[in-house]
Amino acid sequence: MTMMWTRRISALAATTAFLLIGQAASAADVSPVAEPTPEAPAVSALSPWQIRVRGLGVITNDEGKVNGVANSDLSYSDSVIPELDITYYFTDNIAAELILGTTRANVYGEDSIKSLGKIGSTWLLPPTLTLQYHFTDFGAFKPYVGAGINYTMFYSQDAKSADDLDIKNTFGAAVQVGFDYMVNDHWGLNFDVKKIFLKPDFDVTVGGTDLKGSAKLDPWLIGAGVTYRF
């Protein structure tokens, strides 16, 4: 009798276990499949191109000489001009910048040739190309340094106390330091200082005498303006 009840209980337990397992499997089959989380939209990368527009002060070094004239010296007028520069970023840190602007300068005799007064005037077009390193660890404040080459062209030259004036086009080295403060991803404020090492030769005719000399301009270019990153 006991054996019979034991068999019945075992059979009932087995049946119950089978039913529970079947119900669990059915529930798993009908459980809703979680939909994949949509990916966040990709943030578009900034263009490698950037432009700046600055107001620029051109401050020259007053030094020069006329060959063969003892104690001769020269001085030059300073100016304020608009400037455009175009920057291309090779990486976040390395960029090249082309600086464009033009200005007019007067040339004056000094020391032993001071009596000549205003010798003449000329326009200068000094495109400058620099290779820059941009520091990227300061948030919106983005300082940079640069160095490069300048080629200055002199045009529309006009002699005054001299009979004739011809300042020669010339190459020069350039160094630079500045910073952008970015208001957002595209717009920023800029401050920039450049030094161009520029010493052109010139031919001048005074009182019918042909002379030669050199003008040590070495201008500082100090600018402030607006940056736009495409």
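Counting begins at 1 with the first residue of the sequence.
In this structure, Tyr144 and Tyr133 have side chains that are not in contact, with every pair of non-hydrogen atoms separated by 4.5 Å or more. With a 4.5 Å cut-off on side-chain heavy atoms, Ser121 and Arg104 count as touching. Considering only heavy atoms from C-beta on, Thr122 stays 4.5 Å or farther from Phe202 through its side chain.
Nearest approach of Glu83 to Leu56, heavy atoms of both residues: OE2-CD2, 3.6 Å. For Ala95 against Thr87, the heavy-atom pair with the smallest separation is CB-CG2, 3.7 Å. Residue Ala174 comes nearest to Ile196 through the heavy atom pair CB-CG1, 4.2 Å, listed as atom of the first residue, atom of the second, then distance. Pairing each heavy atom of Ala162 with each of Val206, the nearest pair is CB-CG2, 4.1 Å.
Atom OG of residue Ser47 and atom NE2 of residue His186 lie 9.5 Å apart, to the nearest 0.5 angstrom. Here CE of Met153 is found 14.5 Å from CD1 of Ile167. Values are rounded to the nearest 0.5 Å. The distance from atom CG of Asp192 to atom CG of Asp180, rounded to the nearest 0.5 Å, is 8.5 Å. Distance check: Glu97 CD to Lys194 NZ gives 6.0 Å after rounding to the nearest 0.5 Å. To the nearest 0.5 angstrom, Asp218 atom CG is 9.0 Å from Tyr76 atom OH. Rounding to the nearest 0.5 Å gives a distance of 11.0 Å between CG of Asp73 and NZ of Lys216.
The backbone N or O of Leu98 sits nowhere less than 3.5 Å from a side-chain atom of Asp85 that would complete a donor-acceptor pair. Formation of a donor-acceptor pair under 3.5 Å by the Ser112 side chain with backbone atoms of Ser72 is found in this model. One N or O on the side chain of Asn93 and one on the backbone of His134 form a donor-acceptor pair closer than 3.5 Å. Here the side chain of Ser161 pairs a donor or acceptor atom with the backbone of Leu116 at under 3.5 angstrom. Looking at Thr102, its side chain does come within 3.5 Å of a backbone N or O of Leu124 through a donor-acceptor pair. Lys65 places no side-chain N or O within 3.5 Å of a backbone atom of Ser214 that could act as its donor or acceptor partner. A donor-acceptor pair under 3.5 Å is absent between the side-chain atoms of Asn190 and the main chain of Val226, judged by distance alone.
The only member of Asn150, Thr103, Leu217, Leu100 that meets side-chain contact (heavy atoms from CB on, under 4.5 Å) when paired with Pro126 is Asn150. Of the residues listed (Phe230, Tyr89, Tyr88), the one engaging Trp49 in a ring pair (Phe, Tyr, Trp, His ring centres under 6.0 Å) is Tyr88, and it is the only one. With respect to Val204, the side-chain contact (heavy atoms from CB on, under 4.5 Å) criterion is satisfied by exactly one of Asp164, Ile119, Asp163, Asp210: Ile119.
Taken together through direct or relayed side-chain contacts under 4.5 Å among Ile, Leu, Val, Met, Phe, Trp and Tyr, Phe197 and Val193 form parts of separate hydrophobic clusters. If you chain together hydrophobic residues whose side chains sit under 4.5 Å apart, Val175 and Phe191 never meet in one group. Residues Leu129 and Leu198 fall into different hydrophobic clusters, defined by Ile, Leu, Val, Met, Phe, Trp and Tyr side chains chained together at heavy-atom separations under 4.5 Å. Leu221 and Val177 fall into different hydrophobic clusters, where Ile, Leu, Val, Met, Phe, Trp and Tyr residues are linked whenever their side-chain heavy atoms come under 4.5 Å apart, directly or through other members. Two different hydrophobic clusters hold Phe138 and Leu46 under the rule that ILVMFWY side chains link at heavy-atom gaps under 4.5 Å.
The 12-atom threshold is not exceeded at CG of Asn71, counting heavy atoms of other residues, nucleotides or ligands nearer than 6.0 Å.
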Subject >> From CA spacing to verdict: side chain to side chain contact (heavy atoms under 4.5 Å, CB included), Thr60, Asp78 >> reply: CA-CA 6 Å; Thr60 56; Asp78 300 329; 3.2 Å; yes
### Trp187 vs Tyr228, ring pair (Phe, Tyr, Trp, His ring centres under 6.0 Å): CA-CA, chis, key distance, verdict
CA-CA 5 Å; Trp187 291 97; Tyr228 182 77; 4.6 Å; yes
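Ring-centre distance between Phe171 and Tyr151: below the 6.0 Å cut-off.
At a threshold of 4.0 Å, the pair Asp203-Lys168 counts as salt-bridged, since one of the basic side-chain nitrogens sits closer than that to a carboxylate oxygen. A salt bridge is defined here as a Lys NZ or Arg NE, NH1 or NH2 lying under 4.0 Å from an Asp or Glu carboxylate O, and Asp201 with Lys212 fails to meet this definition.
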